[in-house]
Engineer: 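Here's a structure for you.
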Amino acid sequence: MHHKVIIEPFRIKTVEAIAMTTDQERRQFLKDAHFNPFLLKSEQVIIDLLTDSGTSAMSASQWSAMMSGDESYAGARSWHRLEKTIHDLTGYPHILPTHQGRAAERILYSHLGGKGKVFISNTHFDTTRANIEFSGAAAIDCPVEESLHTEVTYPFKGNLDTKRLRALIKEHGSENIAAVILTVTNNTGGGQPVSMANAREVGEICKQNGILFILDACRIAENAYFINHRERGYGEKTYKEIAQEMFSYADGCVMSAKKDGLVNIGGFLALRDKELSDACTSLLIITEGFTTYGGLAGRDMEAMSVGLQEVFEPDYLTYRIRSTQYLGDKIHELGVPIMLPVGGHAVYVDSMKLYPHIPVDEYPGQSLVCELYEKGGIRCVEIGSVMFGKYDETGKLIPAAMELVRLAIPRRVYTQSHVDYVVEVFREIVATKDLARGLRIVREPRFLRHFTAHFERV
Ligand SMILES: *Cc1c(COP(=O)(O)O)cnc(C)c1O
């Protein structure tokens, strides 16, 4: 018999208490945090949808593997196990462990980047862009047109626009293009999947032009689920086989294992080319650690080995994608404008459509983020002009392409009743939407300002 309710495919063995708070307490907490939920204490939060990064619940198998962690400085058994797991998945011969994704990015992109260099991606994630720009290079986003329209239900909105990629190669010259980075799924673009056909074509274009092709593989298992269910010819393939095929088209990958590695810390860089890998290894040793641990404890590497295998289990992935979809469907029914179709790890709300009365330079996304916290203790993040806005010479805001708010779902952490609570809070958000007010920035750092900026209500 086919059941409609997708239950969590796990039982709960360890629990963590959630501290409940009142509306009044939260109003004060938010003020003290300068209207930036990144500055809240976690115990002030009821449902934390800030990120799916490093927030996964580990399985009993992962915890027991941690006990057998080999903490040797060099040549640890835990490293060899992890290396084998990653090699088996990616097919790449050179693997560099790092403490998280951005460390892999910093190593690779600072080596490849520098003034005059250009990187092209479906969409650069914030840490990716920051590492590239910090090196002096330029980061150009090249998503397909469909991705810019939140209501268009194109199945592979994460795709890179290959026609524009060819034009950009002509314009900048292939020798100036440091790499093409395909982010799967496309986090910033709404957690939308990339099709196998697109990855294959990007790979061919890069090969023809002698350009390095890197996968940002943070959510490659979730991406594989979408390919299996939406792309012709992949319904019979396992999720892992789909991921393996995608890796085969690229020259290497960076991965934050805090996503589809199902761990709380960890990452890696994997490459085909020995020369490139040697150059990166030097940088790895300077700042991360020796080549057989790269900033990780042996036990962290054990948890990662198990997580990278568990994440491809069909029951897990079905639950994962369907439960994200559940939240999206429920708030969409309430009239909340969301990015369609719902992506893999998060639901993205289009705050400009929800709050048409708040101008872009008063950050409608940040306003929604604050409303969700005040009304329900829900923490999430703005992915719009706070995160990606720039200023022109006169100090006027150059806004981001969209003003989204991301409700990221931690893996294996919340149950359906937690999600139903979030839906209830959204009911109140919709009922009071005309009362929401904008914000102005009163303090900001130069890079990644969304993490620490201070705001005031307009
Ligand atoms: C999280 C993430 C990163 C950075 O990884 P960290 O582990 O947070 O340093 C890079 N790219 C994408 C697409 C991500 O989602």
Side-chain angles (χ1 to χ4, degrees), residues 38 49-56 86 96-110 113 119-135 139 141-143 147 157-160 179-194 199 214-224 226 243 246-247 250 252-270 284 287-288 294-296 300-301 303-304 307-308 311 320 324 343-346 348 380-381 383 387-388 404 406-411 447-448 450-451:
F38 275 103
L49 306 182
L50 187 64
T51 177
D52 65 321
S53 178
T55 52
S56 301
I86 297 172
L96 288 70
T98 61
H99 77 280
Q100 59 184 88
R102 74 194 66 182
E105 293 182 323
R106 189 190 58 77
I107 289 169
L108 183 62
Y109 302 147
S110 67
F119 290 79
I120 300 167
S121 174
N122 43 353
T123 312
H124 293 84
F125 180 64
D126 59 355
T127 60
T128 314
R129 174 173 288 278
N131 271 296
I132 288 169
E133 291 180 351
F134 193 73
S135 85
D141 290 340
C142 185
S147 71
K157 277 183 158 179
N159 284 357
L160 188 146
V180 171
I181 305 163
L182 197 55
T183 309
V184 296
T185 57
N186 193 10
N187 186 353
T188 310
Q192 298 294 327
V194 174
I214 298 295
L215 278 183
D216 180 333
C218 291
R219 298 179 182 80
I220 194 149
E222 292 172 6
N223 200 86
F226 288 114
M246 194 170 265
F247 282 118
C253 72
V254 290
M255 180 164 182
S256 166
K258 298 170 72 172
K259 288 49 175 272
D260 275 354
L262 295 175
V263 290
N264 305 119
I265 198 76
F268 63 87
L269 165 62
L284 176 79
T287 59
E288 286 286 296
L296 294 167
D300 296 333
M301 295 192 282
M304 208 160 116
L308 284 170
V311 77
R320 170 72 181 156
T324 305
H345 68 290
Y348 289 72
C380 51
V381 65
I383 301 205
M387 196 181 263
F388 293 117
L404 301 174
R406 184 182 73 179
L407 309 165
I409 319 291
R411 294 171 180 77
F447 288 100
L448 299 175
H450 57 287
F451 287 132

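What you see below is based on every heavy atom in this structure, not just the backbone, and it leaves out hydrogens, waters and symmetry mates. Counting starts at 1 for both ligands and their atoms, following the listed order.
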Engineer: So which heavy atom in the protein is nearest atom 2 (C) of ligand 1, and how far is it from that ligand atom?
Structural biologist: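 Ranking protein heavy atoms by distance from atom 2 (C) of ligand 1, first comes Lys259 NZ, 2.3 Å.
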Engineer: Among Asn187, Leu50, Leu49, exactly one meets side-chain contact (heavy atoms from CB on, under 4.5 Å) together with Arg406. Which residue is that?
Structural biologist: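 So the option named by the test is Asn187.
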Engineer: Between Ala199 and Val194, what is the shortest heavy-atom contact and its length?
Structural biologist: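 Scanning both residues, the minimum pair turns out to be N-CG1, 4.4 Å.
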Engineer: Quick one: does any side-chain atom of Asn264 pair with a main-chain N or O of Gly54 as donor and acceptor, under 3.5 Å?
Structural biologist: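 Yes.
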Engineer: Got an N/O contact under 3.5 Å between Thr183 and ligand 1?
Structural biologist: no
Engineer: In terms of atom number and element, which parts of ligand 1 are under 4.0 angstrom from non-hydrogen atoms of Asp216?
Structural biologist: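 Those of ligand 1 that fall under 4.0 Å from Asp216 are 10 (C), 11 (N), 12 (C), 13 (C).
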Engineer: Starting from atom 4 (C) of ligand 1, what is the nearest protein heavy atom, named by residue and atom, and what distance separates them?
Structural biologist: Thr127 OG1, 3.4 Å
Engineer: Is Gly267 near ligand 1, meaning one of its heavy atoms is under 4.0 Å from it?
Structural biologist: no
Engineer: Going by distance alone, is a donor N or O of one side chain under 3.5 Å from an acceptor N or O of the other, for Arg106 and Thr287?
Structural biologist: yes
Engineer: Return a yes/no value for Arg219: is any of its N or O atoms, backbone included, closer than 3.5 angstrom to an N or O of ligand 1?
Structural biologist: yes
Engineer: So which heavy atom in the protein is nearest atom 8 (O) of ligand 1, and how far is it from that ligand atom?
Structural biologist: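 Result: Arg102 NH2, 3.0 Å.
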Engineer: Please could you name the atoms of ligand 1 that Lys258 approaches to less than 4.0 Å, counting only its heavy atoms?
Structural biologist: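 Matching atoms, with element in brackets: 7 (O).
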Engineer: Give a yes or no answer on whether the side chain of Glu288 reaches the backbone of His99 with a donor-acceptor pair at less than 3.5 Å.
Structural biologist: yes
Engineer: Among all the protein's non-hydrogen atoms, which is closest to atom 10 (C) of ligand 1, and how far away is it?
Structural biologist: Glu105 OE2, 3.3 Å
Engineer: Regarding Lys157 and the six-membered ring of Tyr348, is the cationic atom NZ or CZ under 6.0 Å from the ring centre and inside 45° of its axis?
Structural biologist: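 The answer is no, since Lys157 fails at least one limit relative to Tyr348.
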Engineer: With a cut-off of 6.0 Å (strictly less than), are more than 12 heavy atoms of other residues, nucleotides or ligands near CZ of Phe134?
Structural biologist: no
Engineer: What's the shortest distance from atom 5 (O) of ligand 1 to any protein heavy atom, and which residue and atom give it?
Structural biologist: Ser256 CB, 3.2 Å
Engineer: Looking at Asp52 and Lys259, is there a salt bridge between them, counting it only when a charged N and a carboxylate O are closer than 4.0 Å?
Structural biologist: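 Looking at Asp52 together with Lys259, the answer is no, because their closest N to O distance does not fall below 4.0 Å.
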Engineer: Provide the number and element of each atom of ligand 1 under 4.0 Å from a heavy atom of Gly101.
Structural biologist: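 Per the distance check, 5 (O), 6 (P), 7 (O), 9 (O).
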Engineer: Decide whether an N or O pair under 3.5 Å exists between Phe125 and ligand 1.
Structural biologist: no
